[in-house]
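One structure is given below, encoded as structure tokens.
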Amino acid sequence: PDNFITDYKCGITSNNDFDKFLTDIKNLYFDNQKIKQYGENNFKYLEKNHNIKYIAEKFYNQIMSL
């Protein structure tokens, strides 16, 4: 929904184009480096944006600002 897949290079998107999807999946199947990079990018994104300490701190700051 927020374009994180493309913005953070976390994977591939087909934009509802099934042929593009098949081509991208076939290409990805043979590209272990790209798969590894997508995995690392996903981990970095999740660690930065969905880390429990980050979320708790954000929540705490919101409560304290009231």
Side-chain angles (χ1 to χ4, degrees):
D2 61 358
N3 294 322
F4 91 92
I5 291 174
T6 53
D7 291 351
Y8 294 92
K9 296 178 178 42
C10 290
I12 58 174
T13 60
S14 64
N15 296 321
N16 296 321
D17 182 339
F18 190 69
D19 290 330
K20 181 181 182 323
F21 170 75
L22 290 177
T23 299
D24 288 347
I25 290 296
K26 287 176 187 175
N27 291 336
L28 193 58
Y29 180 78
F30 294 105
D31 193 343
N32 290 332
Q33 184 59 35
K34 181 147 317 244
I35 292 171
K36 182 179 177 187
Q37 188 62 56
Y38 285 155
E40 290 171 358
N41 292 347
N42 274 283
F43 183 80
K44 289 175 190 174
Y45 174 83
L46 291 171
E47 182 67 26
K48 179 181 177 187
N49 295 287
H50 298 284
N51 178 296
I52 190 67
K53 289 179 183 178
Y54 170 76
I55 299 298
E57 183 178 324
K58 214 169 153 183
F59 181 69
Y60 174 80
N61 290 337
Q62 286 292 320
I63 296 297
M64 296 308 290
S65 72
L66 297 176

Practice item. Nearest 0.5 Å please: distance from the CG atom of Asn41 over to the CG atom of Leu46. Key: 11.0 Å
**Study point:** Check: Asn32 and Lys36 side chains under 4.5 Å, non-hydrogen atoms
**Key:** no
Exercise for review: Verify the cluster assignment for Ile25 and Phe18: are they in a single hydrophobic cluster under the rule of side-chain heavy atoms below 4.5 Å apart?
Suggested key: yes
Exercise for review: Using modelled atom types only, decide if a donor and an acceptor are shared between the side chain of Asn51 and the backbone of Lys53 within a distance under 3.5 Å.
Suggested key: yes
**Study point:** Straight-line distance of Glu57 CD to Ile52 CD1, nearest 0.5 Å
**Key:** 12.0 Å
Practice item. Flag yes if more than 12 heavy atoms outside Asn16 fall under 6.0 Å of its CG atom; otherwise flag no. Key: no
Revision key, fill the gap. Output for pair (Leu28 CG, Ile35 CD1), nearest 0.5 Å, gives 4.5 Å
**Study point:** Residue pairs fulfilling ring pair (Phe, Tyr, Trp, His ring centres under 6.0 Å) with at least one residue in residues 33-52, sequence neighbours excluded
**Key:** Phe4-Tyr45, Tyr8-Tyr45, Tyr45-His50
Check your understanding: Just wondering, more than 12 heavy atoms not from Glu40 lying within 6.0 Å of its CD?
Key -> yes
Practice item. For residues Asn49 and Ile55, report the shortest heavy-atom separation together with the two atoms involved. Key: O-CD1, 3.7 Å
Practice item. Answer yes or no: is there a donor N or O on one side and an acceptor on the other, between the side chain of Asn42 and the main chain of Cys10, under 3.5 Å? Key: yes
Check your understanding: Does Thr13 offer a backbone N or O that forms a donor-acceptor pair with the side chain of Lys20 under 3.5 Å?
Key -> yes
**Study point:** Atom pair OG1/CG of Thr23 and Asp17 - distance to nearest 0.5 Å
**Key:** 8.0 Å
Practice item. Please confirm whether the backbone N or O of Thr6 pairs with a side-chain atom of Asn3, one donor and one acceptor, at under 3.5 Å? Key: no
